[in-house]
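Values in this document were obtained by computation on a predicted structure and should not be read as measured data. Numbering starts at 1 and runs along the sequence shown. Start at 1 and go down the list; that is how both ligands and their atoms are numbered.
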Amino acid sequence: MARSYFIETFGCQMNEHDSERMAGLLERQGYVAASAPLLADVVVLNTCSVRERAEEKLYSRLGELRDQTVDRREPLTIAVTGCVAQQEGARLLTRTGSIDVVVGTQSLKSLPGLIDEAVRDRELGPSIAKARAASRIDLHPHDDVSFPLGVAKPSDPVRAWVTIIEGCNEFCAFCVVPYTRGHERMRPIADILADVMEAARTGHPEVQLLGQIVNHYHAPDDPSCDFAELLARVAAVPGIARVRFASPHPRHVSDRLIGAIRDIPQVCKHLHLPVQSGSNRVLGLMRRRYTRERYLELIDRLRAEVPGIALSTDMIVGFPTETEEDFDATLDLVRRARYHSMYSFKYSPRPNTLAIKRLPDDVTEADKTRRIQALQTLQGEIQTQWFEASVGSTEDVLVTGPSRRRPWELSGRTSGNTVVNFPGPAEWVGRVLPVSITAAAPNSLRGVPLELSTMEPVGDRHAD
Ligand code: SF4
C-alpha cells in the first residue's frame, strides 16, 4: 500500500509554496496525501521562525504528535523543515528524540530520500537509527535554485505561486530571513516563464511572484530583463489574467516598475510596501535605508501615476529604544499614507539578528500592547473609510471560491486585493467579473455581479 504524508505549514507564502513543492516531490516518489496528521505515515512540520517562540511551538507540537501516536504499530516518521530547521539544525535532534529528518530551506529536494533513509534506519534497530541521525540532516546552502517543472502541487484552484528570488542580502536589524533563507539568488527567467505557462495550462488565472525583495529581480540568463520586464513577460503568457507579487522593498521601487503597474492591465493595482516604522531614528536602527520623507514621496508618486492604487504595509511597534515620540511619528505616517491594509507586529528579538546582538529589548510588553492597539484602531478607521468610499462603484473581481463565512455565496478579490462576497454559481470560480459594490464590512465588501443584476433579482437569500 502507498505510504501517506501530511504537511503542516507555519508562516509566510514562501513557506506555503515550499510545502506545495515538498508535496509534489513526495507524490512523485509514490506517497499519497493523508487527510489528517494522525492518518499519515509521514508528517512534515514546515516551520517559520519570524515570530516569537517558534522553537517552543515546534517542540510542543512534536510532543502532541508523539503522545497521539504512541500506540501505533508503525511509528510515525517526522520531518522538520523550513526556517526553524535551518536555524536550529542538529540541536533539534539532541533536544528531542521525536525527529527523524531535518531539512533546511535550501535543501527541499533531499526530503524524500532522507525520509526513505529514516525508514530503512529504523528497520535496522533503534541504536543504529540513533547513531545515523546526523546523516538525515541537510542544511546545505545550495546555490542551485532550479526546481523540477510541474512538480509543485498548487494548493489553490485559482492562484499559483511562482518563486523568482530566494534569500535576501538586506540584513534589516530585526529580520531572521537572511540567516534562514541564505543570500539572494535569482531564478532564471526561462524557469519562471515555464512555471507561469504550467500555471496557465493547469487553469490558474492568477500568478503570484514570490521573493524576499521581488523588485530587486534581474534575470541571470537575460541581462535586459529587470523586474518590470519580468512583469511584462509574465503578463503576456496566454491564460494569465492577473499578476501579483510579494514583497517589494521601498528603496528598489523604480519608475519602470511604477510604469509597469500603471500600463500592464494584468498587473494588479496593488503594492505592498513594508515601511516598518514612521520614525527616521528607528528606521536607521532597523537598517531600512530610506527615510520617512522619501517613503512618503514615493507614495505620492505612486498615487499620481496609478490613480486608485491600493497600498498596504508591514509595521513593527516596540522596536528597541522606540520612544513615544517615535511611535507618534509612526501614527503620523499612517495618517498620511492612508493604507488600504496593514500587518502590524510587536517586536520580538530573533536569533542571530543585529538587533538581538546590539540593542536592548527595552520597550515594555505593556507599552508594545498599548501601541499596537492604537495603531490598529487608527488603521481600522482608515480602512473603513476606504471601504465605505467604494460602495456604489463597480470593481473587477477574480472569483476565488466559496465565501468563508457564507459558503453558499462566492468570494473574490479586487485588483487592489480587497475581498468581495456576492451571490453567484460555483462555475464562476476562476473568472474575472464586474461586481457592483453594495455594502462595506470591516474586512470585506459585499456586491452584486453585473451579470446577476441584469437577471431576475435573486435577492439576499441567506442574509445574516
Ligand atoms: Fe528581512 Fe529586510 Fe530582507 Fe525583508 S528586506 S527579508 S525584512 S532582511
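With a cut-off of 2.8 Å, atom 3 (Fe) of ligand 1 has no N, O or S atom of His249 in range. Atom 1 (Fe) of ligand 1 has an N, O or S atom of Cys175 inside 2.8 Å of it.
Residue contacts with ligand 1 for Arg288 involve side-chain atoms from C-beta outward but no N, CA, C or O (heavy atoms, distance under 4.0 Å). Residue-level proximity to ligand 1 for Ser247 is absent, since no heavy atom of it falls below 4.0 angstrom.
Using a 4.0 Å cut-off between charged nitrogen and carboxylate oxygen, Arg66 and Asp100 count as a salt-bridge pair. At a threshold of 4.0 Å, the pair Asp222-Arg233 counts as salt-bridged, since one of the basic side-chain nitrogens sits closer than that to a carboxylate oxygen. Note on Glu88 versus Arg91: salt bridge recorded, some NZ/NE/NH1/NH2 to OD/OE distance being below 4.0 Å. Taking a cutoff of 4.0 Å between a charged side-chain nitrogen and a carboxylate oxygen, Glu297 and Arg336 do not qualify as a salt bridge. With respect to the salt-bridge test (charged N to carboxylate O, under 4.0 angstrom), the residues Arg350 and Glu55 qualify.
Using a 4.0 angstrom heavy-atom cutoff, Gln276 does not count as in contact with ligand 1.
The side-chain tip of Arg287 does not point at the ring of Phe171 from less than 6.0 angstrom away and within 45° of straight on.
Within a 6.0 Å radius of CZ in Arg338, more than 12 heavy atoms belonging to other residues, nucleotides or ligands are found.
Those atoms of ligand 1 that come under 4.0 Å of a heavy atom in Val177, given as number and element, are 6 (S). Per-residue contacts place Pro178 under 4.0 angstrom from the following atoms of ligand 1 (heavy atoms of the residue considered): 8 (S). For ligand 1, the atoms closer than 4.0 angstrom to any heavy atom of Gln212 are 6 (S). Proximity to Glu170 (heavy-atom distance under 4.0 Å) selects the following atoms of ligand 1: 3 (Fe), 5 (S). Residue Phe171 approaches ligand 1 through these ligand atoms, each under 4.0 Å from one of its heavy atoms: 8 (S).
Protein heavy atom in closest approach to atom 8 (S) of ligand 1: Cys172 N, 3.4 Å. With hydrogens left out, the protein atom closest to atom 3 (Fe) of ligand 1 is Cys168 SG, 2.3 Å, a heavy atom.
Judged by distance alone, the side chain of Ser411 and the main-chain N or O of Gly401 form no donor-acceptor pair under 3.5 Å.
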